[in-house]
Each structure stands twice: as structure tokens, then as C-alpha cells.
Number of protein chains: 2
Amino acid sequence: METRRIDPVNCSVARALSVVGERWSLLIVREALDGARRFGEFHSRLGIARNLLATRLETLVTAGVMRRVPYQEPGDRQRFAYELTEQGRALRPTLVALLEWGDTYLADPQGPSVVVRHRPVDDAISCDEPVKVILECAAGHGHLAPEDVCRTPGPGARFVESS
Amino acid sequence: METRRIDPVNCSVARALSVVGERWSLLIVREALDGARRFGEFHSRLGIARNLLATRLETLVTAGVMRRVPYQEPGDRQRFAYELTEQGRALRPTLVALLEWGDTYLADPQGPSVVVRHRPVDDAISCDEPVKVILECAAGHGHLAPEDVCRTPGPGARFVESS
DNA sequence: GACCTGAGTTGAAGAACTAAACTCATAAAG
DNA sequence: CTTTATGAGTTTAGTTCTTCAACTCAGGTC
């Protein structure tokens, strides 16, 4: 019996992982979301090897996740910092999802070390309550369980035959 | 000036990535969520090297993400299959978040190849509408933008000094 | 007994990661 | 004007991880 499945290689998850799936990449993005901007900050916060940090930053810049911006502190020469683009900041839900999963299943006995809260950068409306990632469909059904969703072919789907 | 920051190493994201951050791990989980169970299925769907698949499955089983279960097809000897535990199924939001990010920024020109829809396994209420990952706080404010949330120390937080 | 199949294991070559030492441009101190 | 300091990388050597292909192993079929 032959069945037709969505080609697992032509998939946005695989493409996403080819950009942010290397070791350290998501941790660099996490630190950037937490305010790190300079080479030395990423290096000392993460303990990543310097050469690897350099190539990761380059990869992330090339992929459009980060941007290399010149800065100059008073009495110092011009240097470069790295900041997230909109594309990079859009990884926040992915990182919150990973954080939540780690908190739930691999937590420190004392509880989570980080809680994500509803607190904007500017002082717009907020409540400081913990934030969770939830699955919600376009019809407004929220808090879907993982079993309540399934993958279906989209407009760019390709198929493969399989036994 | 000395500031105190949450220790970036004592973090659930780092712990989560130590389990599912290796190359292929999340793709294996994705295929399992899509119904793959047997060694050969993972191998042919993903094109991963056999020995690496074997060690990845072992790692995922050891970490509690998957379970090794015996099965026997009629007229064949007993073999082993791999299925997700509850802990593994809980990675669905992470994968949906990655999928969404990939769709938005790295999409195939023809559009996404996979759309996640609200359609449960059993025939409970559902609407077949596309599913998205959203950030929602405990007070019920949904659809938070990435800028509307921030990391705060939790009960298990440790701190590091930094200049 | 010979052959087939799914599920791995082994081994060699190549790519990626780590750690530590080194370079480079500029600024400030002497 | 020479020396020293600093942040931001680069180089190099050693280790670990991935890949690919060939091989093994335990049944079941012919």
C-alpha cells in the first residue's frame, strides 16, 4: 500500500533549524532578547568560544536574525554591536515555549530560574503576570492541547511516496 | 558599576536545549508527532545517518522524551518502536512556534508546506482552522507582542555579578 | 540451508566545537 | 613618542560530532 505524505524535508521547521538550530544560536538570541549587544557580553554570559561566537554572529547576521551596528562610547573608538532584527525578536515565542518545556520537565528542584512576565518595555498596559505560550486557532479556540492539532498540507506542500 | 543578572547558565532554555538542541533531535520529535514510530520510518523520512539516529533515539529515550516499545507484526519477529511520552508531546508548541517562524521569514515562495490545524485525533469539537502560537499572561491578556514580555527572576534563580 | 528484512553497529573521513594564545586598531598614560 | 590597556576578533591545535558506507545480527520465508 502506497501512501502520500508531506515531504518532511521541504518544511519550515527544517529551514528554521538550519538557521537557528546550531549549537548556541538560540542561546545567543536569548541573551540578545535579554539585552546583550556586544561581543564580550555574549562571550562572558554564555562562555562560548570566541571564534565560534564570531561565526555564529556572522551566520545570524547573514540570515537576517541580527544586525551589526556601529557604536562608539565616549573616549573610545568605534566598535560594533549586534542587535536583533524584527525577525530575531520574532523568535521570542519559540524561546518561551522551550523555557516552559524545560521548566515543566527539567526544572531545578527549587523551581524555575526565570519567569517571563507581561511587562512591556515602555509603560503601556501590563499586569506583571506570568506569560505562557498557548496554541490558539483562527476561530478563537484557545488553550488547545497538543493532541488537538494536526499537520495538514499547505499551499507549498510537496509530497513523497512511501510504503 | 556592578549589576546583578540572572545566571544565564542556570536556565531552563539551556537545559531544554541540552536535551533537544542537538542536530536532528527536534526533527525526530516532529516526525514522531506526525506518526513515525519505527527506526526505518525515521531514517527514510529524515535521511539521517543510521548510527546517529540510533544514538539520538537512545538520548531521547534516556531523557524521557520517547519510549521504546516492543511490537510484533503478524508473521514477523518482535521488534522495537519509539513513541513520544507526554513530555515529548509537550514539545508541540515549541515546534509550532518554530514552524510559524520559518513560515514567516524563510518560506517557500509558494507558501508554507505545512499548516497546523485545529483537528483532534478523536472526533471532539474542532473547526479545522489554522493554529497559531500566542503569548498569553495569567490575567488573560492574549496576543502579547514579543516586546510586551520580559524575563524576571523565578524561585530557583541564581545571580552573577557583571560589570 | 540459502536468502531476505528491519534494526541496528562499526570504522574511516570530514566537519564542527573548544580552549588558549595571538593579532589589530585605537586611546590613554607616562 | 613609546608603552600599556582594551574590546573585538583570528589562528591554531586538539577533541568531539556527523556522515557515509559496509557490516552484523536475529528471526522468518523459500
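To find a chain, count down the sequence lines: A is the first, B the second, and so on, and within it residues start at 1.
Using cut-offs of 30° and 60° on the angle between ring planes, the pair B:W101 and B:Y105 is tilted.
Nearest to the side chain of A:R56, among C:dT9, C:dC17, D:dT19, sits C:dC17. Of all nucleotides listed (C:dG8, C:dT18, D:dG7), C:dG8 comes nearest to the side chain of B:Y82.
Between B:G40 and A:T55, the one whose closest nucleotide on DNA chain C sits nearer the 5' end is B:G40. Comparing A:A81 and A:R23 along DNA chain D, the residue whose closest nucleotide (by nearest heavy atom) sits nearer the 5' end is A:A81.
Here A:R68 reaches the OP1 or OP2 of D:dG9: one of its side-chain N or O atoms lies under 4.0 Å away. In terms of phosphate contacts, B:W24 brings no side-chain nitrogen or oxygen within less than 4.0 Å of OP1 or OP2 of D:dC17. OP1 or OP2 of D:dA8 has at least one side-chain nitrogen or oxygen of A:Y71 nearer than 4.0 Å.
Between A:E22 atom CD and C:dA15 atom P the separation is 15 Å, expressed in whole Å. Straight-line distance from the CG atom of B:L52 to the C1' atom of C:dT9: 13 Å, rounded to whole Å. One atom, CZ of A:F42, and another, P of D:dG9, lie 11 Å apart when rounded to the nearest Å. One interatomic measurement links the two molecules: CZ of A:F80 to P of D:dG9, which rounds to 8 Å at whole-angstrom precision. When rounded to the nearest whole Å, the span between CD of B:E73 and C1' of D:dA26 equals 16 Å. Rounded to an integer number of Å, the gap from B:H43 NE2 to D:dA21 C1' is 11 Å. Put simply, CZ on B:R37 is 15 Å from C1' on C:dA7, counting in whole angstrom units. Taking atom CG of residue A:L46 and atom C1' of nucleotide C:dC17, one finds them 15 Å apart after rounding to whole Å.
Checked for salt-bridge contact, B:R158 and A:D108 meet the test: a charged N lies under 4.0 Å from a carboxylate O. Electrostatic pairing of A:E147 and B:R89 counts as a salt bridge here, judged by a charged N lying under 4.0 Å from a carboxylate O. Salt-bridge check for B:E136 with A:K132: failed, with every basic side-chain N at 4.0 Å or more from each acidic carboxylate O. Salt-bridge check for B:R45 with B:D34: passed, with a basic side-chain N closer than 4.0 Å to an acidic carboxylate O. At a threshold of 4.0 Å, the pair B:R38-B:E73 counts as salt-bridged, since one of the basic side-chain nitrogens sits closer than that to a carboxylate oxygen.
Within residues 7-21 of chain B, no residue has any heavy atom under 4.0 Å from DNA chain C.
A:I134 belongs to a hydrophobic cluster with B:I134, counting contacts under 4.5 Å between side-chain heavy atoms of Ile, Leu, Val, Met, Phe, Trp and Tyr, direct or through other members.
At most 12 non-hydrogen atoms from other residues, nucleotides or ligands lie less than 6.0 angstrom from CD of A:E86.
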| For every nucleotide of nucleotides 19-30 of chain C, 5' to 3': is a protein heavy atom under 4.0 Å from its base (B), only from its sugar-phosphate (S), or from neither (-)? | B-B---BSSS--
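Grouping the Ile, Leu, Val, Met, Phe, Trp and Tyr side chains by contacts below 4.5 angstrom, directly or via other members, places A:V13 with A:F159.
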| message | Applying side-chain hydrogen bond (donor to acceptor under 3.5 Å, both in side chains) to B:T152 and A:R117, what does each step give before you reach the verdict? | response | CA-CA 7 Å; B:T152 61; A:R117 290 177 188 282; 2.9 Å; yes
